[in-house]
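Pasting a structure here, questions to come.
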Amino acid sequence: MSELTPEILLHGYSIGIFPMAEHRDDPEIFWVDPRRRGIMPLIGFHISRSLTRAMRRTSFHHTINRDFGGVVAACADREDTWINEEIAALYGALHRAGLAHSLEVWDGEALVGGVYGVTLGRAFFGESMFSRRDNASKMALAALVDRLRRAGFILFDTQFLTDHLASLGAEEISRADYHAQLDVAKRGSAAFSAPALDSLQDVLQRMTQMS
């Protein structure tokens with residue numbers, strides 16, 4: 001793939017495909033269009049008893065778009081990653097344009113978890129997440145689902161279904177079903193940063209009321 005721009009990247013999302021590299025040092029980027037697509041239903045996020053206890057007692061706090069670059073770098077800081085320098089730069093450009101966002105989880109001033117993705121209409125395309133403390137990525141996802149629901153999003157695309165995501169309520173749908181949901185979601189509008197930010201305990205309360 002040559003001369004990939006933020007505009008081309010966003011167009012890819014609009015037609016249901018997304019970019020990846022084989023590893024961080026591979027300059028080649030390719031488009032992916034899975035036959036089976038992972039999504040996280042915005043109603044039905046699974047809060048386990050252990051996660052409930054952890055969120056009720058935690059001193060962690062979360063922020064929105066405080067350290068987008070730090071979240072992307074942390075997601076790429078693993079032995080096996082698809083995020084190369086060009087991909088990181090492209091998402092940085094989308095972030096500066098207000099089209100890519102991060103949710104960070106902090107232990108004091110230490111960044112311990114987070115997730116980032118791209119928005120288009122009422123769809124959120126989750127790209128990657130990381131955790132440096134127990135339950136930090138689960139708390140980030142809970143806070144993200146809560147935010148997307150409150151902001152009016154209707155589609156949370158996780159790309160693939162992993163065991164970790166499945167344990168939290170994610171599911172797999174066909175390519176055709178995904179494209180049907182995407183067609184509806186991209187015609188609307190939602191503002192990722194619209195809802196007021198509050199504590200993880202408040203997030204937990206709302207999530208448990210909805211489950």
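Because the structure is predicted, anything quoted here is derived from the model rather than measured.
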Look at atom CG of D134 and say whether more than 12 heavy atoms of other residues, nucleotides or ligands are closer to it than 6.0 Å.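 No - once you tally the heavy atoms of other residues, nucleotides and ligands closer than 6.0 Å, there are 12 at most.
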What is the minimum heavy-atom distance between I17 and D33, and which atoms define it?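 Scanning both residues completely, I find the closest heavy atoms to be CG2-CB, 3.6 Å.
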Where do L204 and M139 land on the side-chain contact (heavy atoms from CB on, under 4.5 Å) test, with the steps shown first? CA-CA 9 Å; L204 173 64; M139 292 182 192; over 6 Å; no
Taking D198 first and then R206, would you say they form a salt bridge - that is, a charged N and a carboxylate O separated by under 4.0 Å?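 Answer for the salt bridge query: yes.
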Shortest non-hydrogen contact from A143 toward V203: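 Heavy atoms of A143 and V203 come nearest at CA-CG1, 3.8 Å.
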Under 3.5 Å: donor-acceptor pair, side chain of S14, backbone of H11: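 Here the side-chain-to-backbone pair exists.
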What's the spacing between M55 CE and S48 OG if we round to 0.5 Å?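 Reported value, rounded in 0.5 Å steps: 10.5 Å.
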Heavy-atom closest pair, residues L141 and L165: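 So the two residues come closest at CD1-CD2, 3.8 Å.
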For residues D26 and A21, report the shortest heavy-atom separation together with the two atoms involved.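 Shortest heavy-atom separation between D26 and A21 comes out as O-CB, 4.0 Å.
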Can any side-chain N or O of Q201 pair as donor or acceptor with the backbone N or O of T58 at less than 3.5 Å?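 Yes; judged by distance alone, with no hydrogens or angles, the pair exists.
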Just by modelled atom types, is the G70 backbone N or O under 3.5 Å from a matching donor or acceptor in the D67 side chain?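 A pair under 3.5 Å: yes.
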Could you tell me the separation between the CZ atom of R96 and the OH atom of Y91, rounded to the nearest 0.5 Å?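 The distance works out to 14.0 Å.
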L120 CG to S189 OG distance, which is reported to the nearest 0.5 Å: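 One gets 11.0 Å once the value is rounded to the nearest 0.5 Å.
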Does CD belonging to E85 count more than 12 external heavy atoms closer than 6.0 Å?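 Check fails, neighbour count at 12 or below.
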Whether the side chain of R150 engages the backbone of P195 through a donor-acceptor N/O pair (distance < 3.5 Å, no angle test) should be reported.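 No; zero donor-acceptor contacts below 3.5 Å.
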Ring pair (Phe, Tyr, Trp, His ring centres under 6.0 Å) pairs, two or more places apart, involving residues 117-154: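 Residue pairs with at least one partner in residues 117-154: Y13-F125, F124-F156, F124-F192.
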Report yes or no: is the cationic atom of R133 (NZ for Lys, CZ for Arg) under 6.0 Å from the centre of the six-membered ring of W106, at an angle within 45° of the ring normal?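 Geometry flag: not set, cation outside 6.0 Å or 45°.
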Given L10, which of L99, L90, T5 fulfils the side chain to side chain contact (heavy atoms under 4.5 Å, CB included) condition?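 Of all the options given, the one that passes is L99.
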Audit row: R122, L155, side-chain contact (heavy atoms from CB on, under 4.5 Å) steps and yes/no: CA-CA 7 Å; R122 300 175 72 189; L155 174 62; over 6 Å; no
Looking at CD of E127 and CE of M20, how far apart are the two atoms once the value is rounded to the nearest 0.5 Å?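 One gets 9.0 Å once the value is rounded to the nearest 0.5 Å.
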So which atom in C75 and which in T81 form the shortest heavy-atom distance, rounded to 0.1 Å?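 Closest pair (atom of C75, atom of T81, distance): O-OG1, 4.1 Å.
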Just so I know, are the side chains of I173 and E171 near enough to count as touching, which here means a heavy-atom distance under 4.5 Å?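 Side chain of I173 against side chain of E171, heavy atoms only: contact under 4.5 Å found.
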Counting C-beta onward and ignoring hydrogens, is there a side-chain heavy-atom pair between L144 and Y116 closer than 4.5 Å?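 Sidechains of Y116 and L144: no contact.
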Enclosure of H23 NE2 (heavy-atom neighbours >12, cutoff 6.0 Å):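 Yes, the 6.0 Å shell around NE2 holds more than 12 heavy atoms from other groups.
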Side chain proximity check, E86 to P19, heavy atoms < 4.5 angstrom: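 Sidechains of P19 and E86: no contact.
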Evaluate H101 against I64 for side-chain contact (heavy atoms from CB on, under 4.5 Å), listing each step before the verdict. CA-CA 7 Å; H101 304 275; I64 297 296; 5.5 Å; no
Heavy atoms, side chains only, cut-off 4.5 Å: are P34 and R175 in contact?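 P34 does not reach R175 side chain to side chain.
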Quick one: does any side-chain atom of R37 pair with a main-chain N or O of D157 as donor and acceptor, under 3.5 Å?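 Looks like no, no N/O pair under 3.5 Å.
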Less than 4.5 Å apart, any side-chain heavy atom of I154 and any of V184?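 Side-chain contact under 4.5 Å: yes.
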Of all the heavy-atom pairs spanning T208 and Q205, show the shortest one and how long it is.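 Minimum heavy-atom contact is OG1-O, 3.0 Å.
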Just by modelled atom types, is the H62 backbone N or O under 3.5 Å from a matching donor or acceptor in the E104 side chain?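 It does not hold such a pair.
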Before you tell me yes or no, could you show the steps for M40 and F45 under side-chain contact (heavy atoms from CB on, under 4.5 Å), namely the whole-Å CA-CA distance, both residues' side-chain angles and the distance that decides it to 0.1 Å? CA-CA 7 Å; M40 178 68 74; F45 186 86; 3.8 Å; yes
Could you tell me the separation between the NZ atom of K138 and the OG atom of S167, rounded to the nearest 0.5 Å?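 Separation between the atoms: 5.0 Å.
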Value rounded to 0.5 Å, distance of CG in D177 from CZ in R36: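 If we round to the nearest 0.5 Å, D177:CG and R36:CZ are 8.0 Å apart.
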Can you tell if the side chain of L197 reaches within under 4.5 Å of the side chain of R147, non-hydrogen atoms only?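 Result yes, sub-4.5 Å side-chain heavy-atom pair found.
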